[in-house]
Asker: 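Quick one: the structure is below, and I'll ask about it shortly.
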Amino acid sequence: MEPDRRVLRRQLLAWYRARKRDLPFRRTRDPYAILVAEFVLQRTRVKAGLPYYERFLASFPTVRNLAAASEMEVLRVWEGLGFYNRARNLHRASKAIVDRHDGEVPSDLAALKALPGIGDYTAGAVGSIAFGLRAPAVDGNVIRVVARVFRIADYVTRGPAKERVKEVAAELVPDEAPGEWNQAVMELGAIVCVPRVPKCPDCPISSECLAFASGVQASLPVRPTKPRVPVVRVAFVVAEDEGHVFLVRKGEGLHAGMYRESGEDAVRRHLRALGLRPVRVERFAPVSHRFSHLRWEGWAYRCRAAGEARAGEWIALDRLSHVPLIPFHRRLLASAVR
DNA sequence: AAGACGGGGCC
DNA sequence: GGCCCAGTCTT
């Protein structure tokens with residue numbers, strides 16, 4: 001028997017209103033603050049993103065503030081959170097909002113989705129929470145809750161199961177308080193209907209849950225297993241030349257927009273291009289770092305160069321705190337220049 | 001439809 | 001060590 005939509009809405013909304021966490025982005029009505037929160041929370045747990053949300057708003061309190069900042073300043077605030085294209089896209093979005101929408105976050109779905117970094121989820125979240133639009137916001141939590149309550153047992157990443165999840169999620173959104181409803185489903189997925197061992201005894205809608213009724217909740221939703229993590233051989237170099245460190249700003253790809261050390265060969269090439277002569281290169285520390293989808297293995301080198309750098313990406317040691325680095329590089333540099 | 005893109009939490 | 005997370009963009 002199908003879950004009762006009316007019971008689902010009533011029970012879950014009542015639970016949410018009584019038990020929701022007191023989160024800073026739930027205390028504001030400012031569409032810009034809500035937009036910032038949604039960007040920060042893309043593929044990121046509330047616990048991990050919260051400090052960054054606060055820090056970001058403290059640094060850029062208004063959309064015009066953000067639009068006026070440089071990309072480097074924005075990335076400095078984002079440093080450590082990951083998925084750095086989010087920061088670049090949010091920055092670009094702020095500029096578009098100033099240019100095309102007179103500095104006001106647009107209040108319709110189409111205009112929201114036209115902004116860089118805003119897809120179906122974020123448009124629905126901002127639209128419903130900030131502007132009361134009856135739009136679904138289907139994130140990982142919603143997929144999990146819907147797959148369980150409606151016992152959707154096929155791969156939710158593709159095909160008809162994916163469509164069914166989106167369809168059900170959209171149909172459940174009530175006319176009244178759509179923003180509260182979307183947050184209620186996400187809240188349930190975040191603290192009760194959790195991935196591994198869901199807390200069904202605490203669940204306000206377990207009476208309507210088809211997965212719970214048949215005891216299969218822990219095995220839903222179903223996702224294809226992911227490919228193996230490749231190993232990348234690397235050589236990182238710290239070049240010492242009167243206190244300068246050689247850094248390369250990444251254009252695109254991994255860590256786009258961040259500064260990082262280049263590989264040994266690239267450093268030698270670049271040093272020569274700068275009119276410098278690599279004099280000595282010595283290995284000083286093994287490098288082993290695992291990311292979510294790849295692993296670095298190799299060595300870090302210290303090198304000394306002769307000559308005087310004319311120009312290029314030389315950053316003085318005492319200015320390292322002013323450029324966006326990934327945390328791994330910051331730690332490596334700290335150990336290298338100690 | 002699949003792959004790229006971070007980093008951290010948790011078992 | 002593997003899985004997952006308040007996703008989006010590009011092939």
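So that the names make sense, note that chain A is the first sequence line, chain B the second, and so on, each numbered from 1.
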Asker: Let's see if you can work this out: which of C:dC4, C:dT8, C:dA6 has an atom nearest to the side-chain heavy atoms of A:Pro195?
Answerer: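 Side chain of A:Pro195 sits closest to C:dC4.
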
Asker: Between B:dC5, B:dG7, C:dC5, spot the one nearest the side chain of A:Leu254, thanks.
Answerer: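 Selected nucleotide: B:dC5.
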
Asker: Could you check whether A:Gly253 gets within reach of a base, just the sugar-phosphate, or nothing at all, counting any heavy atom under 4.0 Å?
Answerer: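 The residue A:Gly253 makes sugar-phosphate contact but no base contact.
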
Asker: Measuring from the side chain of A:Gln42 (C-beta onward, heavy atoms only), which nucleotide among C:dG7, C:dC5, B:dC10 has the closest atom?
Answerer: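 Closest nucleotide to the A:Gln42 side chain: C:dG7.
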
Asker: What nucleic acid atoms does A:Gly159 come within less than 4.0 Å of, heavy atoms only: base, sugar-phosphate, or nothing?
Answerer: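 If one applies the 4.0 Å heavy-atom cut-off, A:Gly159 turns out to touch the sugar-phosphate alone, with no base involved.
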
Asker: CD of A:Glu71: more than 12 outside heavy atoms within 6.0 angstrom?
Answerer: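 Buried by this count: over 12 neighbours within 6.0 Å.
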
Asker: If you round to the nearest 0.5 Å, how far is CZ of A:Arg19 from CD1 of A:Ile191?
Answerer: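 If I round to the nearest 0.5 Å, the distance is 8.0 Å.
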
Asker: Give the rounded distance in Å between these two atoms: CE of A:Met186 and C1' of C:dA6.
Answerer: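 Result: 5 Å.
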
Asker: Answer with base, sugar-phosphate or nothing: what part of the nucleic acid does A:Arg144 contact at a heavy-atom distance below 4.0 Å?
Answerer: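 Sugar-phosphate: the residue A:Arg144, judged by heavy atoms under 4.0 Å, touches backbone atoms but no base.
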
Asker: Counting any heavy atom closer than 4.0 Å, what does A:Asp120 reach on the DNA or RNA strands: base, sugar-phosphate only, or nothing?
Answerer: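 Sugar-phosphate only.
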
Asker: Kindly point out which of B:dG6, B:dG9, C:dC9 is positioned nearest to the side chain of A:Arg86?
Answerer: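 Side chain of A:Arg86 sits closest to B:dG6.
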
Asker: So does A:Asn85 get a side-chain nitrogen or oxygen closer than 4.0 Å to the phosphate oxygens (OP1/OP2) of B:dC5?
Answerer: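 No, outside the criterion.
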
Asker: Counting only side-chain nitrogens and oxygens, does A:Thr122 get under 4.0 Å of the OP1 or OP2 atom of C:dT8?
Answerer: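 Indeed, a polar side-chain atom of A:Thr122 lies that close.
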
Asker: Could you tell me whether the phosphate oxygens of C:dA6, OP1 or OP2, come under 4.0 Å of any side-chain nitrogen or oxygen in A:Tyr53?
Answerer: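 No.
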
Asker: When you match A:Ala256 and A:Pro224 each to their closest nucleotide on DNA chain B, which lands nearer the 5' end?
Answerer: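 The 5'-side residue here is A:Pro224.
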
Asker: Hey, does A:Arg158 reach any base, or is it just sugar-phosphate, or nothing, if we go heavy atoms under 4.0 Å?
Answerer: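 Contact class for A:Arg158: sugar-phosphate only.
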
Asker: In terms of heavy-atom contacts, does CD of A:Glu2 have more than 12 from other residues, nucleotides or ligands at under 6.0 Å?
Answerer: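 Yes, the 6.0 Å shell around CD holds more than 12 heavy atoms from other groups.
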
Asker: If I take atom CG in residue A:Leu81 and atom P in nucleotide B:dG9, what distance separates them, rounded to the nearest angstrom?
Answerer: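 Spelled out: CG on A:Leu81 to P on B:dG9 is 12 Å.
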
Asker: Taking 4.0 Å as the cut-off, does a side-chain nitrogen or oxygen of A:Lys47 come that near to OP1 or OP2 on C:dC5?
Answerer: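 A:Lys47 to C:dC5 OP1/OP2: no side-chain N or O under 4.0 Å.
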
Asker: Heavy atoms under 4.0 Å, any strand shown: does A:Tyr52 hit a base, just sugar-phosphate, or nothing?
Answerer: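 Here A:Tyr52 touches no strand at all.
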
Asker: Base, sugar-phosphate, or nothing for A:Ile326, non-hydrogen atoms under 4.0 angstrom?
Answerer: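 Contact class for A:Ile326: sugar-phosphate only.
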
Asker: Specify the separation, in whole Å, of atom CG of A:Asn89 and atom C1' of C:dT10.
Answerer: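 That distance rounds to 12 Å.
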
Asker: Rounding to a whole Å, what distance do you find between A:Asp139:CG and C:dC5:C1'?
Answerer: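 Distance, rounded to whole Å: 9 Å.
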
Asker: Could you work out which one of B:dC11, B:dG6, C:dG7 sits closest to the side chain of A:Arg196?
Answerer: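 Within the option list, the nearest is B:dC11.
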
Asker: With no angle test and no hydrogens, is the base of B:dG6 tied to the side chain of A:Thr44 by a donor-acceptor pair under 3.5 Å?
Answerer: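 By the distance-only test, yes, there is a pair.
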
Asker: Please find out if less than 6.0 Å separates the ring center of A:Phe56 from that of A:Trp78.
Answerer: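 Yes - the distance between ring centres of A:Phe56 and A:Trp78 falls below the 6.0 Å cut-off.
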
Asker: Please measure how far the P atom in B:dG3 lies from the corresponding atom in C:dA6, and state the result in whole Å.
Answerer: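 The answer is 23 Å between these two P atoms.
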
Asker: If you measure from the Lys or Arg side-chain nitrogens to the Asp or Glu carboxylate oxygens, is any gap between A:Glu73 and A:Arg76 under 4.0 Å?
Answerer: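 No, this pair does not count.
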
Asker: Just by distance, no angles: are the side chains of A:Arg86 and A:Asn89 close enough, under 3.5 Å, to form a donor-acceptor pair?
Answerer: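 Distance-only check fails for A:Arg86 and A:Asn89.
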
Asker: Looking at B:dC5, B:dG7, C:dA6, which one has an atom nearest to any side-chain atom of A:Tyr84?
Answerer: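 Comparing B:dC5, B:dG7, C:dA6 against the side chain of A:Tyr84, the answer is B:dG7.
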
Asker: Heavy atoms from C-beta onward define the side chain here; which of B:dG7, C:dA6, B:dG8 lies closest to that of A:Arg45?
Answerer: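 Of the options given, the side chain of A:Arg45 lies nearest B:dG8.
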
Asker: Nearest-Å distance, CE (A:Met258) to C1' (B:dC5)?
Answerer: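 Whole-Å distance recorded here is 13 Å.
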
Asker: In whole Å, measure the gap between the P atoms of B:dG6 and C:dT10 for me.
Answerer: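 To the nearest whole Å, 14 Å.
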
